[in-house]
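For reference, the structure is listed below as structure tokens.
Every chain is numbered from 1 and lettered A, B, ... according to where its sequence line falls, protein lines coming before strand lines. Worth knowing before you read on, the calculation uses all heavy atoms, side chains too, and leaves out hydrogens, waters and symmetry mates. Fair warning: this is a prediction, and the values are worked out from it, not measured in the lab.
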Number of protein chains: 2
Amino acid sequence: MTGDEDDRKGIAAEWVDGETKVLEAPGDHGAELRLWLRLLTCTTLVETEVRRRLREEFDSTLPRFDLMAQLERARDGMVLGEVSKRMMVSPGNISVLVERLAESGHISRTTSPTDRRVQIIALTPFGRAEFEKMAAAHADWIADLFGRLEAADSTVLMDELARLKGSIVASLARGG
Amino acid sequence: MTGDEDDRKGIAAEWVDGETKVLEAPGDHGAELRLWLRLLTCTTLVETEVRRRLREEFDSTLPRFDLMAQLERARDGMVLGEVSKRMMVSPGNISVLVERLAESGHISRTTSPTDRRVQIIALTPFGRAEFEKMAAAHADWIADLFGRLEAADSTVLMDELARLKGSIVASLARGG
DNA sequence: CAAAATAACTTTAAGCTTGAAGTTTTTTGG
DNA sequence: CCAAAAAACTTCAAGCTTAAAGTTATTTTG
């Protein structure tokens, strides 16, 4: 390992520069591909580490943590569909996660009295306590991983990522 | 939707600022958490779109595309373990993907004549043709999604992400 | 009001992913 | 050379994820 290549997730570093450029794609998309690659590499490195620590230190998973994080703010609970939208995952997925988290006692689940189709889920006191431990550790992990970045770089990154998000969202809105 | 919140994957936007700050975490890690959130949002938006299009337009998946991309450069094929390392996924995972891609005729698989433990995999002509179609489309999708970003922003992002990667790798090296 | 449409899940089939355990083959040490 | 260790997968159990189909409840329409 040279330790410096963004060589993963489909687009090998050489590939974007290489002679294998495909006929139907006349434009030079190398810059965008390299940027995407680098973004993906950073995210994957962090995400893999977070998953590993959640498993090793809390015997938990990222989806469970994410779901509990959504509920953390909502003292009165949240409707399942709302959780699904906020987490940007399918309702069926939430259904399964909720089932397991209810089984382990981390969350409670009630049918809405006004609309019997609606499920309201909320953290139990136990679930809240567990989440708070995980959240504190999680914040430390992230601070550690990002800690060698100067404050100025961090600010610039926030700004540039906001612009990137703007580009992505605009493209999705137009193309979708 | 206000269309501007990074409200997903565990750390709701308000949470990082909120009064629920946990006792054991005295440091203010809000900036790092927000940055991580924003990074994750951008990556997820792009990745979800790429997966969707691979499925709809090519009846394929991102892992398959990624594996074929690794093989694309290697005319003489690659050892399974090498593919596993480059893709940063477990050997067991590659084993399954290879099984399916071989079944569908996209790749070939041979036992090394010098070491019978070693499996050598390579794109078939059919697999190569399919990959080239997908790769061209993929490059267009990314160019589209990133296309509203000014060249200057793109340059800055590349640079800042390199620094971020440096921070992450350093932290992993120290902590791991 | 009854039929049709809509909503909010739940279930299912299929695929991805991992860590751990198991198998076969090669290399090492004595 | 032979037993032990290491390598390179493969298999397995468990969990995540989605699209599509199915269920039940509510709202709209004619």
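- Separating the CD atom of A/Glu56 from the P atom of C/dT18 is a distance of 14 Å, rounded to the nearest angstrom.
- For A/Leu80 and D/dT24, the CG to C1' distance is 15 Å, given to the nearest whole Å.
- Shown are A/Lys133, A/Arg64, A/Arg53; of these, the side-chain contact (heavy atoms from CB on, under 4.5 Å) with A/Phe58 is made only by A/Lys133.
- Nucleotide C/dT12 holds its P atom 12 Å from the CD atom of A/Glu99, rounded to whole Å.
- Atom CZ in A/Arg53 sits about 18 Å away from atom P in C/dT18, given to the nearest Å.
- For C/dT17, the OP1/OP2 oxygens have no side-chain nitrogen or oxygen of A/Arg52 closer than 4.0 Å.
- The distance from atom CG of B/Leu97 to atom P of C/dA14 is 18 Å, rounded to the nearest whole Å.
- Listed nucleotides C/dT11, C/dG15, C/dA8 differ in distance to B/Arg100; the shortest reach to its side chain belongs to C/dG15.
- Along DNA chain D, the nucleotide nearest to A/Arg64 and the one nearest to A/Asp115 differ in position, and the one closer to the 5' end is contacted by A/Arg64.
- Atom-to-atom, CZ of B/Arg51 to P of D/dC16 comes out at 16 Å; the value is rounded to the nearest Å.
- In the set C/dT10, D/dT11, D/dT17, the nucleotide with an atom closest to the side chain of A/Asn93 is D/dT17.
- If you check every strand for non-hydrogen atoms under 4.0 Å, A/Gly92 touches a base.
- Rounded to whole angstrom, the span from the CG atom of B/Leu54 across to the C1' atom of C/dC16 amounts to 14 Å.
- Listed by first and then second residue, the side chain to side chain donor-acceptor pair (under 3.5 Å) pairs involving residues 94-105 of chain A are A/Glu99-A/Arg109, A/Ser104-A/His106 (not counting sequence neighbours).
- When each of D/dT18, C/dT10, D/dT10 is scored by its nearest atom to the side-chain atoms of B/Pro91, the top-ranked nucleotide is D/dT10.
- Ranking C/dT17, D/dC9, D/dT18 by closeness to the B/Val96 side chain, first place goes to C/dT17.
- A/Ser112 and A/Gln119 form no side-chain donor-acceptor contact under 3.5 Å, judged by distance and modelled atom types alone.
- Judged by distance alone, with hydrogens and angles left aside, the side-chain atoms of A/Arg128 form no donor-acceptor pair with the main-chain N or O of A/Leu123 at under 3.5 Å.
- Nearer to the 5' terminus of DNA chain D, by closest-nucleotide assignment, is the contact made by A/Thr61 (compared with the other of A/Thr61 and A/Arg116).
- With rounding to whole Å, A/Arg55 atom CZ is found 14 Å from D/dC16 atom C1'.
- For A/Arg117, the side-chain atoms get nearest to C/dA8 when compared with the rest of D/dT11, D/dA8, C/dA8.
- Remark: B/Thr44 OG1 to A/Ile168 CD1 distance equals 10.0 Å, nearest 0.5 Å.
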